[in-house]
Amino acid sequence: MEDEKITTYLQENAAKFEEDLKALLRIPSVSTEEKHKPDMLACAQEVVRQLHEAGIPKAEIMPTPGHPIVYAESEQLPTRPTILVYGHYDVQPEDPVEEWISPPFEPTIRDGKIYARGTSDDKGQFIIHIKAAKTLNDLKMMPVNLKFCLEGEEECGSPNLDNWIRAHADLLKSDVLVISDTTMYGPGKPSLLCGLRGLTYIEVEVKGGDVDMHSGMFGGAVPNPINELCRIIAALHDEKGRVTVPGFYDKVRPLSKEEHEEWLKLDFSEDEYLKMVGSKELCGEEGYNCIERRWARPCLDANGIWGGFTGEGAKTVIPARAYAKISCRLVPDQDDKEIAELLEKEIKRLASPAVEVKVTFHHGGPPWMTSPDDPVLRAANVAAQKAWKATPLRVREGGSIPIVSTFTSVLNVPAVLLGVGLEDEQIHAPNEHLSLENFHAGIAASVYLMQEIAALPEMKK
Ligand code: BES
Ligand code: ZN
């Protein structure tokens, strides 16, 4: 009876929910660009409007030294468990804009998918919980207390959120954290996400001489920072695809037999994966398959490298400086700061005494892992099963949401990551999109999750 009411309500409101998503997507809330500052505020205001409309009157914009946080809470009844929803209303820049089939901030539906920047990461995902709240409030069936923390700086490394969470730990007090900012294993394949990789991101500067030099007059006799930087980066892996930084693997938790076996059962096609990637072959650490390399093993990658002459034609020059941005994805129990220090030490050790090397730390965060036996994951399992009518798969992911660990440790709560994105939805790239089927199933899943969490014996007050 209750389920029927919910299903009917969701059907009747499906078009409205899509319109509300479009309203968010039209606002270019690019957090990394100063010119979009007014859009950030406008987007926060639209989120607040939708929270109010969902029956949560206490929704406000709270300032930070950067972009504001939208904080909201429903009436808090002492008899109910409290769910804290986290998400981000900021998006990545839209460039290269000429590669978009429809404009990035004009949401367009094609083939059951909605295209716009931020559809999958993360507006189309966090909004499902606002619409679930509206559903249960309108039907007078709300079984939990809700809190929402929606930030505007995730895409620039959440520089102010850590402090904000610590300063507002009382306000955020809750029983479980719920986040939708990840993917499902595939279409029709909901997932129980049990782990995310952590991140360490550094920048390296290599300085040779004081000024650029003629490569004929000086070449062969003076240090070349680009050559040197390339040699250093190349030396960070061995021929087995392992990272050579001493101590890098010391704290890596080996993959459990259970997970190894469960992942072998996932229908993974290397051919299809290759096609999606577009390269000739896959590569990585010897002894591990493609899924294990991304979900359970750490890795090191240069994200950008520059220096010297890159203009038209050929200019003969030995540059004074060369730069690279390097990231490591980390797994339990590696520590992001410790890895940054080990990496800095090794880069400096590898460098020839002829150059000066400067290493700066950008941002990072620890990996996160949970057990599928955690009661809240059992609740998520039932909710996802009901919404997608398929048994959820136990997975991890290679991406990072560093703030998950801050929330879980400061608030001492378990986390449920209910991702409704898909791997090929081109987040951070042109033509980002979201499956509307998953958007609607996600709203249903969030409704069921609220009910299942309220029904857990562990959550009884
Ligand atoms: N939503 C992503 C993280 C993500 C994507 C996790 C897919 C799992 C699967 C998030 O917005 C993101 O891009 N995070 C950054 C890290 C952040 C510190 C900049 C990342 O993983 O690179
Ligand atoms: Zn992102």
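Both counts, for ligands and for their atoms, begin at 1 and track the order of listing. Quick caveat: nothing in here was measured; it's all calculated off a predicted structure. Counting from 1, the numbers follow the sequence of the chain as shown.
Among the backbone and side-chain atoms of Asp121, an N/O/S atom is found under 2.8 Å from the Zn ion (ligand 2). Backbone or side-chain N, O or S atoms of His428 reach the Zn ion (ligand 2) at under 2.8 Å. When distances to the Zn ion (ligand 2) are checked against a cut-off of 2.8 Å, Glu155 contributes an N, O or S atom below that limit.
Checked against a 3.5 angstrom limit, the closest N/O atoms of Ser400 and ligand 1 fall inside it.
Contact atoms of ligand 1 toward Glu154: 10 (C), 11 (O), 12 (C), 14 (N) (distance under 4.0 Å to a heavy atom of the residue). Listed by number with element, the atoms of ligand 1 under 4.0 angstrom from any heavy atom of Pro402 are 18 (C). Each of the following atoms of ligand 1 lies closer than 4.0 Å to a heavy atom of His363: 18 (C). Near Thr182, with a cut-off below 4.0 Å to any heavy atom, the atoms of ligand 1 are 6 (C), 8 (C). Counting atoms of ligand 1 from 1 in the listed order, those under 4.0 Å from a heavy atom of Gly399 are 6 (C), 8 (C), 21 (O).
Side-chain contact of Gln426 with His433: a donor-acceptor pair under 3.5 Å is absent, judged by distance alone. In this model, a donor atom of one side chain and an acceptor atom of the other lie less than 3.5 Å apart for Asn303 and Ser327. Donor-acceptor pairing under 3.5 Å is recorded for the side chains of Lys131 and Gln50. His36 and Ser31 share no side-chain donor-acceptor pair at under 3.5 Å. A donor and an acceptor atom, one from each side chain of Ser191 and Arg394, are nowhere located under 3.5 Å apart.
Of the protein's heavy atoms, Ile427 CD1, 3.8 Å lies nearest to atom 5 (C) of ligand 1. Protein heavy atom nearest atom 9 (C) of ligand 1, with residue, atom name and distance: Glu397 OE1, 3.1 Å.
For His428, the heavy-atom gap to ligand 1 drops under 4.0 angstrom. Close to ligand 1: Asp181, with a non-hydrogen atom less than 4.0 angstrom away. Under a 4.0 Å heavy-atom criterion, His88 is in contact with ligand 1. Distances shorter than 4.0 angstrom do not occur between any heavy atom of Glu423 and any atom of ligand 1.
Remark: Arg293 is not positioned above the aromatic ring of Tyr288, lacking an NZ or CZ atom under 6.0 angstrom from the ring centre and at most 45 degrees off the axis. A cation-pi arrangement is present between Arg110 and Tyr115, with the terminal nitrogen or guanidinium carbon under 6.0 Å from the aromatic centre and inside a 45° cone about the axis.
The residues Glu341 and Lys345 are annotated as not salt-bridged, no charged nitrogen and carboxylate oxygen being separated by less than 4.0 angstrom. Between Arg253 and Asp333 there is a salt bridge, since a side-chain N of the basic residue sits under 4.0 Å from a carboxylate O of the acidic one.
No part of Cys156 comes within 4.0 Å of ligand 1, judged by heavy-atom distances. Residue-level proximity to ligand 1 for Arg329 is carried by the side chain, the only part with a heavy atom below 4.0 angstrom.
Under the 3.5 Å distance criterion, the side-chain polar atoms of Asp336 are left unmatched by any main-chain donor or acceptor of Thr200.
When each of Tyr273, Trp295, Trp263, Tyr185 is checked for a ring-ring contact (aromatic ring centres under 6.0 Å, His included) with Phe268, only Tyr273 meets the rule.
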